[in-house]
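None of the values given here were measured: they were computed from a predicted structure.
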Amino acid sequence: SSFTAGSNGRLLFTGSTAQSFSLPNSAHTIPFLNINNASGVTYSGGNLTISDTLALNDGVLDLGGTTMRLYQGNTDQGFTKSTEDSYVANGYVVKGIQAGDNGSAQRNYVRFPLGVAGDTLYRPLDFYITSDPVDSVEFTVGHVASSPGGTLFNSAATTAGVTKYPDFYWTVQSSEQLGASFAYELHAQAEGYVLNENNPVSAMKVIHRAAGDSSQNEWKLLSSTYN
């Protein structure tokens with residue numbers, strides 16, 4: 001059975017030793033979830049919807065491979081953060097984006113507060129959406145702390161000097177097909193990724209490939225323009 005808390009329902013996890021909680025394997029809605037434990041909190045069960053605010057005050061929320069839905073507002077992200085060491089890991093975050101003029105402020109800055117379980121490595125992914133998606137759309141984003149695999153690079157990536165990638169990646173899925181004219185900026189932060197004189201930030205490019213067979217799906221440049 002599903003669990004839905006009242007409009008002011010709150011779950012607060014605070015302490016100094018690792019905590020865990022579980023719910024049945026169906027969808028659940030909680031208005032307020034507060035993570036305030038430096039040793040972390042692990043969840044198991046069905047997918048979660050946080051209908052008001054996820055408060056990331058301290059520690060990592062390990063989703064155990066499940067999906068958490070956050071509500072993107074015009075002036076808020078559906079979550080608050082008090083420290084870089086508090087984020088969501090080992091799962092997926094979903095946010096809905098409205099179409100039309102009413103959604104323009106909401107689309108301006110969309111952050112997915114992801115990171116690595118077992119480490120204090122914050123790895124958020126941000127979208128600055130400058131196009132109207134025409135139809136409302138949901139984005140599901142995850143972070144995986146292992147190699148994405150794949151040895152095929154298309155000609156544009158090869159020409160740009162791309163020959164390798166780090167041992168982590170983000171997954172991005174949209175609920176609607178977005179046309180080639182759909183415009184956005186993508187900002188990725190990878191705490192713990194080390195740069196050096198042989199691997200300067202100026203040489204980095206964002207690449208992507210379709211999910212599935214890594215021996216068949218080419219790596220491609222996401223853009224030719226970077227800051």
Side-chain angles (χ1 to χ4, degrees), residues 65 67 72 77 84 87-97 99 103-104 106-117 119-227:
T67 297
Q72 177 75 18
Q77 295 289 325
E84 289 287 290
Y87 47 78
V88 176
N90 194 23
Y92 304 92
V93 174
V94 179
K95 286 191 172 188
I97 306 301
S104 59
Q106 181 197 48
R107 298 189 299 267
N108 186 53
Y109 170 45
V110 186
R111 167 159 283 196
F112 294 82
L114 299 162
V116 179
D119 286 299
T120 53
L121 301 176
Y122 188 35
R123 303 259 174 96
L125 196 69
D126 303 338
F127 285 91
Y128 296 79
I129 301 171
T130 56
S131 289
D132 186 340
V134 181
D135 296 311
S136 295
V137 60
E138 292 183 340
F139 290 97
T140 302
V141 178
H143 177 273
V144 181
S146 62
S147 173
T151 58
L152 297 178
F153 296 87
N154 74 356
S155 59
T158 300
T159 299
V162 178
T163 60
K164 58 184 178 179
Y165 41 76
D167 58 353
F168 61 86
Y169 62 99
W170 291 268
T171 63
V172 180
Q173 183 176 2
S174 62
S175 62
E176 305 291 334
Q177 185 172 352
L178 302 172
S181 62
F182 182 77
Y184 60 91
E185 290 185 14
L186 177 70
H187 291 197
Q189 177 181 326
E191 187 177 10
Y193 182 58
V194 179
L195 300 173
N196 55 51
E197 61 182 11
N198 296 319
N199 188 31
V201 68
S202 59
M204 294 176 62
K205 301 291 185 291
V206 179
I207 57 175
H208 70 103
R209 69 169 176 83
D213 190 347
S214 62
S215 67
Q216 299 292 325
N217 296 328
E218 291 183 320
W219 285 106
K220 304 175 182 179
L221 291 179
L222 185 62
S223 175
S224 59
T225 303
Y226 296 88
N227 291 323

Q: Using a 4.5 Å cut-off on heavy atoms from C-beta on, say whether the side chain of Asp126 contacts that of Tyr109.
A: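 Side-chain contact under 4.5 Å: yes.
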
Q: Which residue pairs pass the side-chain hydrogen bond (donor to acceptor under 3.5 Å, both in side chains) test with at least one member in residues 138-147, sequence neighbours excluded?
A: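 Matches after skipping sequence neighbours: Arg69-Glu138, Arg123-His143.
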
Q: Does any non-hydrogen side-chain atom of Val141 lie less than 4.5 Å from one of Thr171?
A: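 No, too far: nothing below the 4.5 Å cut-off.
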
Q: Taking all heavy atoms of Leu221 and all of Lys205, pick out the closest pair and write down the distance.
A: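 Closest approach of Leu221 to Lys205: CD2-CB, 3.9 Å.
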
Q: Quick check: closest heavy atoms across Gln77 and Arg111, and the distance to 0.1 Å?
A: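 It is OE1-N, 2.8 Å.
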
Q: Report yes if the side chains of Leu125 and His187 come closer than 4.5 Å at any heavy-atom pair, otherwise no.
A: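 Not touching, per the 4.5 Å side-chain cut-off.
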
Q: Is the gap between the ring centers of Tyr184 and Tyr128 under 6.0 Å?
A: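 Not close enough - the centres of the two rings lie 6.0 Å or further apart.
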
Q: Specify the closest pair of heavy atoms between Ser214 and Pro148, including all atoms of both residues, with the distance to one decimal.
A: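 Reported closest heavy-atom pair: CB-O, 4.5 Å.
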
Q: Give every residue pair that meets the salt bridge (Lys or Arg N to Asp or Glu O under 4.0 Å) criterion with at least one member in residues 154-180, sequence neighbours excluded.
A: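 For residues 154-180: none.
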
Q: When you compare the side chain of Ser174 with that of Val137, does any pair of heavy atoms fall below 4.5 Å?
A: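 In contact.
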
Q: Between Tyr169 and Ile207, is any pair of side-chain heavy atoms under 4.5 Å apart?
A: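 No, too far: nothing below the 4.5 Å cut-off.
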
Q: Roughly how far, to the nearest 0.5 Å, is CG of Leu152 from OG of Ser215?
A: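 With rounding to 0.5 Å, OG (Ser215) is 7.0 Å from CG (Leu152).
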
Q: With heavy-atom distances below 4.5 Å as the criterion, would you say the side chains of Val206 and Leu186 are in contact?
A: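 Yes; the side chains approach each other to less than 4.5 Å.
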
Q: Would you find more than 12 non-hydrogen atoms of other residues, nucleotides or ligands less than 6.0 Å from Tyr92 atom OH?
A: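 Not more than 12 within 6.0 Å, no.
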
Q: Can you find a heavy atom in the side chain of Ser175 that is under 4.5 Å from one in the side chain of Phe139?
A: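 No, every pair of side-chain atoms sits at 4.5 Å or beyond.
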
Q: Between Glu218 and His208, does the side-chain contact (heavy atoms from CB on, under 4.5 Å) criterion hold? Intermediate values first, please.
A: CA-CA 8 Å; Glu218 291 183 320; His208 70 103; over 6 Å; no

Q: How long is the span from the NZ atom in Lys95 to the CZ atom in Arg107, to the nearest 0.5 Å?
A: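 Result: 15.0 Å between the selected atoms.
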
Q: Specify the closest pair of heavy atoms between Lys220 and Asn154, including all atoms of both residues, with the distance to one decimal.
A: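 Closest approach of Lys220 to Asn154, heavy atoms only: CG-ND2, 3.3 Å.
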
Q: Between Phe112 and Val88, does the side-chain contact (heavy atoms from CB on, under 4.5 Å) criterion hold? Intermediate values first, please.
A: CA-CA 9 Å; Phe112 294 82; Val88 176; over 6 Å; no

Q: Can you measure from CZ (Arg209) to CG (Leu222) and round to the nearest 0.5 angstrom?
A: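 Answer rounded to 0.5 Å: 14.5 Å.
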
Q: Given side chains that start at C-beta, do those of Asp119 and Glu191 come closer than 4.5 Å, heavy atoms only?
A: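 Result no, sub-4.5 Å side-chain heavy-atom pair not found.
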
Q: Could you grab the distance from atom OH of Tyr122 to atom CG of Leu114, nearest 0.5 Å is fine?
A: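 Here the rounded value is 8.0 Å.
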
Q: On a heavy-atom basis, which atom in Val116 and which in Ala89 lie closest, and how many Å separate them?
A: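 Shortest heavy-atom separation between Val116 and Ala89 comes out as C-CB, 3.9 Å.
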
Q: Kindly say whether the aromatic ring centers of Phe168 and Tyr193 come within a distance under 6.0 Å.
A: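 Yes, the ring of Phe168 comes within the 6.0 Å limit of the ring of Tyr193, centre to centre.
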
Q: Where is the tightest heavy-atom contact between Ala211 and Asn217, given as atom of each residue plus distance?
A: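 Where Ala211 meets Asn217 most closely, the heavy atoms are O-ND2, 3.0 Å.
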
